[in-house]
Amino acid sequence: MGEKTCKVPTPLDMVNHMLDKIGYKSNLYGKKVLENSCGEGNFLCEIVKRYIIDARRQNLTDIMILKGLEQDIHGIEKEESIVRICLANMDAVAEKMGITNVNWHIRQGDALALEPESIYQYVVGNPPYITYYNLTPEERTLIRTRYQTCAAGKADYYYAFTEAALQSLAPDGSLIYLIPNNFFKNRYSDELRKYILPYLVEVEDYTTQRIFGNYLTSSAVIFCRRQTQGRTFKYCDIQNQR
């Protein structure tokens, strides 16, 4: 979650819940995972830990694990200073588990300006929560011209990230994203709803529950699969247990 002057990391319990739900638990070697707005690496650090634990469970050598970490775990972050923090955090996790000198595949750049690669078995994350009114003219032009979900109306930034994330899935890929739940009813998010519906497996709606402490944004977790081509999905109201 983030605004122009404030970035709020995803709480660790939510990170673990989302990774569990998407099935990022076992047989991870050789399967690519992407976070296209990785920040300081809250998701990626837990991914690194799970990856190493699972690889050791499979009796893979440290050399194989090192190569796997470099090839399978990908991230993108716009701010160079945040990339450095992310890399340091990932290094610390790997080193604590006995793996050093990893050449991480973390790119510094604007994920929305890059051409999505449809190669990932897992795409995870918590994209920037920036409203249309807080976007720069350049950002508005970029998302309007490149993303179907943002072509009309006053699209929030996360619409484009969600579309780009879905485009990054391999044919057997799954997506889990933490986004504002205002996309349920916002008239400008109609194209986003249409875009994700064929892939949508489950929505967890946190209604009035504040995942990010004092921040007022109400959130939802969306779970999608590339292979799903349906018009129905499971809806869970987490606050009211229904």
Side-chain angles (χ1 to χ4, degrees), residues 1-2 8-11 13-25 33-39 42-44 46-47 75-76 111-112 116 118 120-132 143 147-150 155-212 215 217-242:
M1 171 187 176
V8 183
T10 310
D13 59 345
M14 178 56 73
V15 169
N16 278 304
H17 170 69
M18 291 170 66
L19 291 176
D20 286 347
K21 180 167 283 292
I22 201 175
Y24 196 84
K25 300 177 183 180
V33 58
L34 169 69
E35 186 181 6
N36 64 356
S37 55
C38 62
N42 276 36
F43 276 96
L44 294 180
E46 184 60 28
I47 284 168
I76 307 171
L112 300 183
S118 302
Y120 296 98
Q121 279 73 42
Y122 305 97
V123 178
V124 304
N126 167 26
Y129 294 10
I130 304 176
T131 67
Y132 175 85
I143 65 174
Y147 293 94
Q148 174 183 326
T149 56
C150 305
D156 290 349
Y157 211 33
Y158 77 88
Y159 297 10
F161 274 93
T162 306
E163 182 176 339
L166 280 166
Q167 291 176 358
S168 298
L169 292 177
D172 60 343
S174 298
L175 161 75
I176 197 154
Y177 241 29
L178 180 62
I179 60 177
N181 67 4
N182 63 10
F183 86 94
F184 296 157
K185 297 180 179 179
N186 190 324
R187 63 190 176 109
Y188 296 123
S189 59
D190 186 51
E191 288 301 316
L192 177 63
R193 291 191 293 270
K194 291 178 183 176
Y195 194 89
I196 68 174
L197 183 57
Y199 311 106
L200 194 58
V201 175
E202 184 175 348
V203 173
E204 292 183 342
D205 186 3
Y206 286 81
T207 54
T208 59
Q209 187 173 335
R210 303 296 181 219
I211 292 173
F212 300 102
Y215 291 88
T217 301
S218 294
S219 302
V221 171
I222 60 168
F223 175 30
C224 301
R225 288 195 186 100
R226 186 64 178 265
Q227 291 180 339
T228 301
Q229 294 290 329
R231 305 292 293 181
T232 61
F233 59 89
K234 181 179 179 182
Y235 172 83
C236 301
D237 183 335
I238 301 299
Q239 188 74 12
N240 298 305
Q241 296 295 308
R242 62 186 185 191

Heavy-atom closest contact ([X] atom, [Y] atom, distance):
X      : Y      : result
Val203 : Ala220 : CG1-CB, 4.3 Å
Asn182 : Ser189 : O-OG, 4.1 Å
Ser37  : Pro127 : OG-CA, 3.4 Å

Whether the side chain of [X] engages the backbone of [Y] through a donor-acceptor N/O pair (distance < 3.5 Å, no angle test) should be reported.
X      : Y      : answer
Tyr147 : Leu112 : yes
Gln167 : Pro116 : no
Asn42  : Thr10  : yes

By salt bridge (Lys or Arg N to Asp or Glu O under 4.0 Å), which residues pair with Glu46, not counting sequence neighbours? Lys49, Arg50

Is Tyr120 close to Leu175 at the side-chain level, that is, under 4.5 Å between some pair of heavy atoms? no

Are any of the side-chain heavy atoms of Val221 and Met14 separated by less than 4.5 Å? yes

What is the distance from atom [atom1] of [X] to atom [atom2] of [Y], rounded to the nearest 0.5 Å?
X      : Y      : atom1 : atom2 : result
Ile222 : Leu192 : CD1   : CG    : 7.0 Å
Leu169 : Cys224 : CG    : SG    : 8.0 Å
Arg226 : Gln121 : CZ    : CD    : 12.0 Å
Tyr132 : Asn186 : OH    : CG    : 13.0 Å
Leu166 : Ser118 : CG    : OG    : 10.0 Å

State which residues pass side chain to side chain donor-acceptor pair (under 3.5 Å) with [X]; sequence neighbours excluded, sorted by chain then number.
X      : value
Tyr122 : none
Tyr24  : none
Asp156 : none

Can you list the residues that meet the side-chain contact (heavy atoms from CB on, under 4.5 Å) rule with Arg225, with sequence neighbours excluded? Ser174, Val201, Phe223, Thr228

Results of side-chain contact (heavy atoms from CB on, under 4.5 Å) for Gln227 - residues two or more places apart only: Asp172

Tell me whether the rings of Tyr129 and Tyr158 are parallel (<30°), tilted (30 to 60°) or perpendicular (>60°). tilted

Aromatic plane relationship, Phe161 with Tyr157 - under 30° parallel, 30 to 60° tilted, over 60° perpendicular: perpendicular

Test item: side-chain donor near acceptor, Tyr206 and Asn181, under 3.5 Å: no

Result for side chain to side chain contact (heavy atoms under 4.5 Å, CB included) between Thr162 and one of Ile196, Asn36, Thr149 points to Ile196

